[in-house]
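All values below come from the heavy atoms of this structure, side chains included, with hydrogens, waters and symmetry mates left out. Every chain is numbered from 1, with letters handed out A, B, ... down the list of sequences.
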Number of protein chains: 2
Amino acid sequence: MIAQRGQLNAVGATVDQRSVPATDQRSVPEATVARLATYLRALIGLGEHGVATVSSESLATAAGVNSAKLRKDLSYLGSYGVRGVGYDVSVLTEQINKTLGLHQNRAVALIGLGHLGQALAGYAGFASRGFRIAALIDAHPALVGTRLHGLTVQHVDELADIVRRESIAIAVVAVPAAAAQDVCDRLVSAGVTSILNFAPTVLNVPSHVDVRKVDLAAELQILSFHDNRKSGRPECAGALGAEQSLAVPSTGKVAVVR
Amino acid sequence: MIAQRGQLNAVGATVDQRSVPATDQRSVPEATVARLATYLRALIGLGEHGVATVSSESLATAAGVNSAKLRKDLSYLGSYGVRGVGYDVSVLTEQINKTLGLHQNRAVALIGLGHLGQALAGYAGFASRGFRIAALIDAHPALVGTRLHGLTVQHVDELADIVRRESIAIAVVAVPAAAAQDVCDRLVSAGVTSILNFAPTVLNVPSHVDVRKVDLAAELQILSFHDNRKSGRPECAGALGAEQSLAVPSTGKVAVVR
DNA sequence: ACGCCTTTGTGAAGGCATTCACAAAATCGC
DNA sequence: GCGATTTTGTGAATGCCTTCACAAAGGCGT
């Protein structure tokens, strides 16, 4: 399903001169997609340093993965490397851009302008990596109408209009957990098909809508788990100890890795 | 789906020394750990609503996963359910807390107080979910010395002292990409063993240090990929116009007209 | 006490993802 | 032109995660 798209794509009619399934998004594994963004970042960095060609080995190092994985990942996009030489930085950059659908800046709506929302509104990384924040939305009367990073905050009741007017497909939700599902429902019925959720709650959406969540505290909790494990024995010091007291510290063993 | 993944740093298996079956953290799969935080959130929510017992089915729904997965995940922690009844909310909450090492509040250092850093400094979700921001650190002279959310911003040169004084094992890095590796190196040599990185760059760390990254633009790019794919095929009648697709069944190709 | 009903915990199967390892392709030096 | 050298692209193997499906375990009603 989902065949290749005939990209109009301004910059040069670089259209596929290949007859092969270039940019065959059908089968790009999820894990690979998640890494493409990292590769893209690394490639852009290389390009800015004037590097014209890069081997899978060094690109992999720059992206923090091993080269076999990188090559397999890239192979899903088509065959853009040259054996014995490596990858052309600009070609590969363009190819990943295309695969990720970043050929044109995508309009994004940001809902919720608390501390986090305001920070996101000013985050330069969005603009520099293919996204344009096209609307700022909040429900708080004191915020609506104020200007922020060049945009006027609009009321959440106008959400549907805004989404349609600006052809917004992607929204960032940075409202309190209690309000998130409601905002989400409004977004979905307005036609948004992709949501990045910062609220610590599960969003229920119809199957044609994609949700990615960023749960900041959860990230720390995951680190905490590993840290707990690394630091060895001293676990539940207080509260519910009982069974733990007979740890075996004699060897003082610590987590040994590789 | 599309759950985030950790980075390198697999954190290998620890040594044996076993004989304590309960809370055997040695073998909890990474994917499970990442979900425990979500279960915990759901459980706390249930607890606050006075729910005393919950079945795997309804807890799974609350957490947005299927019940088989939830049961298997919980089985790694031990056997805390009662057949025919379900799980005791408070027992399970406590158990997950323990597994994640959240029995006592963990001190966290936050480095970088730009827009994002300031938002994180004020993020209530950290405090309510087991973490205490114990230090705010930046390099900018204009920021050092100012008070923010009850803490005085300290200079990055004092980082090592602060980490030791406060027994900090976890740090949040919210500095510009160009400064991230340097800050990271300082953290590691000061003894920090877990890092949550918001800078869009790969951090190199020794194998005993854990890094998790949150790349905001990458999240959007991943959504963009799927969105790109979706809009190429008129699967579900998306009543959101803006784009019209012309499918060419014979070749399976799709052209997008804007 | 005794079935009945509900729900857990878990082997087994199936699906993805990662890693391995090597043949194929391309350049370079001579 | 040709062999040496480099590096890609990819089958095959391995391992991890998810899903299935069901026996075992416990409460409840009678």
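- Here C:dA12 presents its P atom at 11 Å from NZ of B:Lys72, a figure rounded to the nearest Å.
- Applying the salt bridge (charged side-chain N to carboxylate O under 4.0 Å, His left out) test to residues at least two apart or on different chains, the pairs with a partner in residues 56-79 of chain A are A:Arg35-A:Asp73.
- First and last contacting nucleotides of DNA chain D toward chain B (any atom under 4.0 angstrom from a heavy atom, 5' to 3' order): D:dC17 to D:dG27.
- When distances are taken from the side chain of A:Arg35 to each of C:dG11, C:dT18, C:dT8, the shortest belongs to C:dT18.
- Along DNA chain C, the nucleotide nearest B:Ala68 and the nucleotide nearest B:Val85 are compared for position; the residue whose nucleotide lies closer to the 5' end is B:Val85.
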Legend entry - Worked verdict on A:Leu70 versus A:Tyr39 for side chain to side chain contact (heavy atoms under 4.5 Å, CB included): CA-CA 8 Å; A:Leu70 177 112; A:Tyr39 303 155; 3.5 Å; yes
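- Residue B:Gly86 is the one, among A:Arg83 and B:Gly86, whose nearest nucleotide of DNA chain C lies closer to the 5' end (criterion: closest heavy atom).
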Inset, instruction - I would like to know whether B:Lys213 and B:Ile195 meet side chain to side chain contact (heavy atoms under 4.5 Å, CB included); could you show each step before the answer? - result: CA-CA 8 Å; B:Lys213 67 163 196 273; B:Ile195 296 175; over 6 Å; no
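- What separates CG of A:Asp73 from P of C:dT19 is a distance of 10 Å, to the nearest Å.
- Using a 4.0 Å cut-off between charged side-chain N and carboxylate O, B:Arg129 and A:Asp215 make a salt bridge.
- When each of A:Tyr87 and B:Lys69 is assigned the nucleotide of DNA chain D with its nearest heavy atom, A:Tyr87 is the one assigned upstream, toward the 5' end.
- Taking all atoms of both residues into account, the shortest heavy-atom contact from B:Leu100 to A:Ser224 is O-OG, 2.6 Å.
- Side-chain contact between A:Val172 and A:Phe198: present, with at least one pair of heavy atoms (C-beta onward) separated by less than 4.5 Å.
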